[in-house]
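Values below: every heavy atom of this structure, side chains too, minus hydrogens, waters and symmetry copies. Chain letters run A, B, ... following the sequence lines, proteins first, then strands; residues in each count from 1.
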Amino acid sequence: MINLAQKDISHTLGKFIVTAMGVGMLLGIVLIMIGVYRGMMVDAEMLLNDINVDLWVVQEDTLGPFAEASKVHEDLKDTLKSIEGIHASEALTFQNLQLYGQKLPVRVTAVGFDPFGKISPVDPSNLISGRMIAKDHYEAVISSETGFVLHDKITIGRNIYTIVGTTKGTVSSGGELLIYISLKDAQELQFSYSNASIRNDRARGALANTDIHMVNTIVATIKPGYNVEEIAQDIRKWKHLSVYTNEEQTTILTKNLVERAAKQIGLFTAILVVVSTIIIGLIIYTMTLEKMKEISIMKLIGIPDSIIIKMVVQETVLLGFFAFIFGNIFSHLIYEKFPKTVVLQAPDALGLFAVILVSSIVASFVGVGKVIHADPTVAIGG
Amino acid sequence: MEVTQSIRANNIVKEFGKGDTLVRVIDDASFTVNKGELVALVAPSGAGKTTLLMMIGCVLEPTSGEIWLGREKVYDDRWLTNNSRQIRREKIGFIFQAHYLIPFLNVIENITLVPQTNKVPEAEANAHAMSLLKYFDIEDKAYNKPSQLSGGQNQRVAIARALANKPEIILADEPTAALDTQRSVSVLKMLKKIATEQNVAIIMVTHDDEMLPYCDRIMKIENKKVVFE
């Protein structure tokens, strides 16, 4: 039997391809939106995975250091080391900064850590050039995506830092690029006041806070054979601190921090899918209208509705299929241009394909309706 | 019903509208057309020629009456079949003023569409289509699209399409209107030959008096009634 859909498409191939590309771009945006959501989830966990510790100790009754502000004393790391079962503990700081020196200011999160400590927030596999920080001051390792390169000089606060290493794909839980600096530099940056500010405070009679030995969190690893939750409970009870296991910290980030944004993106994605379905429906309706004469002729010479409907449904499904292919190509061409992480996953694409398949069939109903109600006498102007 | 009768209409009435806008187009039309006969249907514009043709072709439902196609009674104040399209597909061939070929199918696909829908094997349908194209001297156009053919060639393809399902009846609505006299005469001779050789009953609507000598009988619609000249 002649495949009418194939014949009709090949007759107007250029128009069909352009239409599929147009719908494909829309589907590409849907895929990108899903990718943005996946990227948020990946970003949320990336730094946690790089730091890879068992416990996060933060200021009491806070969800720090990412979801809420947290400030604890640096020497707490020594206290924690004395607890049985603790293998290593280190202090970390996190601070948002704006760097200058590129065409546009670059937003980064500065991670302060002890370069000589046992726990490093830098996964060595992410280091693509240079080396790790080897001095207590004025060296930095930075995400290559910032545009800064090895040996560049960056002014942060009152000091000039030299880039000694660059990383790839390192971002904070909020998707900001990272700059790693020594803990001492980070503390000075975050907690020290300028001389003028200290003088001002003194003139106001306020006691200037000059203690810069504060950090945002203490992280710790546990010796094998010890129960993480028991140690966490022990610290909570006696040290008046909030303690989260790595899983709890992940939950805080993915649920508390990202969930609302994810819902927003999810809703936007759903709307885009509905809009795509409506557009496919309208295109099929128009395509069917353009063929009303031929459809009337076919009905007049006795071709059953089932064969004509099959043509319309097949064309719709093929349009959805090719739009999906174009959408995938389009999304893979542009996703790296987005400033924040976009993760395109095959299961998401397959899920969208299933949705588009169903949507296409639903959209074809408008064309099918026109076929069923087409008057064969229209063919002869009757 | 005699075996030689291919089309028989008894007391066919067709009305459009209702109440104050009711218009009776065909009133109590009764006639028969035999196998192998080429009958011209002549009437002024708007007299109901196409309406009558469409009722015989099971496209338009009469208001009342009886229609027999061959041995089968298809209408008796209501359709007696649930599938009038199957009757059209199996018993009737249509030829129109314009060729009305499907533009996205090539010539041979246009011709074999109905036979293939009737479950005729593709090879058999193609062979029959090629023999028809040869008969009409356009076998070299088998794989061309209608847009690549002249008006006369397309009309011959349209006639070939009408014959592809080996119909008992051909209903032709001004098939020569778009052709010059020479081509029109050629088509008429062709239709007459088909009627005779294939024992097909043909009703042909025409406005062209020059075509009438080639027809076996002339059927007219006068005052909404069907009469034979």
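Side-chain contact check for A:His11 versus B:Lys145: some heavy-atom pair is nearer than 4.5 Å. For the pair B:Arg161/A:Ile301, a side-chain contact is recorded, criterion being any heavy-atom separation below 4.5 Å from C-beta on.
If you measure heavy-atom distances from B:Pro121 to chain A, you find no contacts under 4.5 Å at all. In this structure, the portion of A:Lys291 lying under 4.5 Å from any heavy atom of chain B is its side chain and not its backbone. Both the backbone and the side chain of B:Val114 come within less than 4.5 Å of a heavy atom of chain A. With a 4.5 angstrom heavy-atom cutoff, A:Ile297 touches chain B only via side-chain atoms. Contacts between A:Ile307 and chain B at a heavy-atom distance below 4.5 Å involve the side chain alone, from C-beta outward. For A:Leu4, the parts lying near chain B are the backbone and the side chain together; criterion is any non-hydrogen pair under 4.5 Å.
Within the model, atoms CG of A:Leu300 and CD1 of B:Ile92 stand 9.5 Å from one another, a figure rounded to the nearest 0.5 Å. Note that the OG1 atom of A:Thr377 and the CG atom of B:Leu60 stand 6.5 Å from one another [nearest 0.5 Å].
Dense packing is recorded around NZ of B:Lys225, with more than 12 heavy atoms of other residues, nucleotides or ligands lying under 6.0 Å away. Shown here is B:Asn82, whose CG atom has no more than 12 heavy atoms of other residues, nucleotides or ligands within 6.0 Å. Within 6.0 Å of CZ in A:Phe268 there are 12 or fewer heavy atoms belonging to other residues, nucleotides or ligands. The environment of CD in A:Gln264 is sparse: at most 12 heavy-atom neighbours from other residues, nucleotides or ligands sit within 6.0 Å.
Residue pairs meeting the side-chain hydrogen bond (donor to acceptor under 3.5 Å, both in side chains) criterion with at least one partner in residues 27-36 of chain A, sequence neighbours excluded, do not occur; the list is empty. Contacts classified as side-chain hydrogen bond (donor to acceptor under 3.5 Å, both in side chains) and involving residues 274-288 of chain A (residues at least two apart or in different chains) are given here: A:Thr277-A:Ser359.
Considering every non-hydrogen atom in both B:Arg89 and A:Pro304, the closest pair reads NH1-CD, 3.4 Å. Residues A:Asp8 and B:Phe104 come closest through the heavy atom pair OD1-CD2, 3.4 Å. For B:Arg85 against A:Lys299, the heavy-atom pair with the smallest separation is NH2-CE, 3.2 Å.
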Going by atom type alone, with no hydrogens or angles, which donor-acceptor pairs under 3.5 Å involve a side-chain atom of residues 17-42 of chain A and a protein atom two or more places apart or on another chain?
| unit_1 | atom_1 | unit_2 | atom_2 | d |
| --- | --- | --- | --- | --- |
| A:Thr19 | OG1 | A:Lys15 | O | 2.7 |
| A:Arg38 | NE | A:Gln345 | OE1 | 3.4 |
| A:Arg38 | NE | A:Asp348 | OD1 | 3.4 |
| A:Arg38 | NE | A:Asp348 | OD2 | 2.8 |
| A:Arg38 | NH2 | A:Asp348 | OD1 | 2.9 |

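Ranked by non-hydrogen atom pairs under 4.5 Å with chain A, the options B:Glu109, B:Glu90, B:Lys119 are led by B:Glu109.
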### Task
Would you please test B:Leu113 and A:Met298 for side-chain contact (heavy atoms from CB on, under 4.5 Å) and show each step?
CA-CA 9 Å; B:Leu113 181 61; A:Met298 284 193 268; 4.3 Å; yes
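For a heavy-atom cut-off of 4.5 Å, chain A lies close to no residue in residues 73-80 of chain B.
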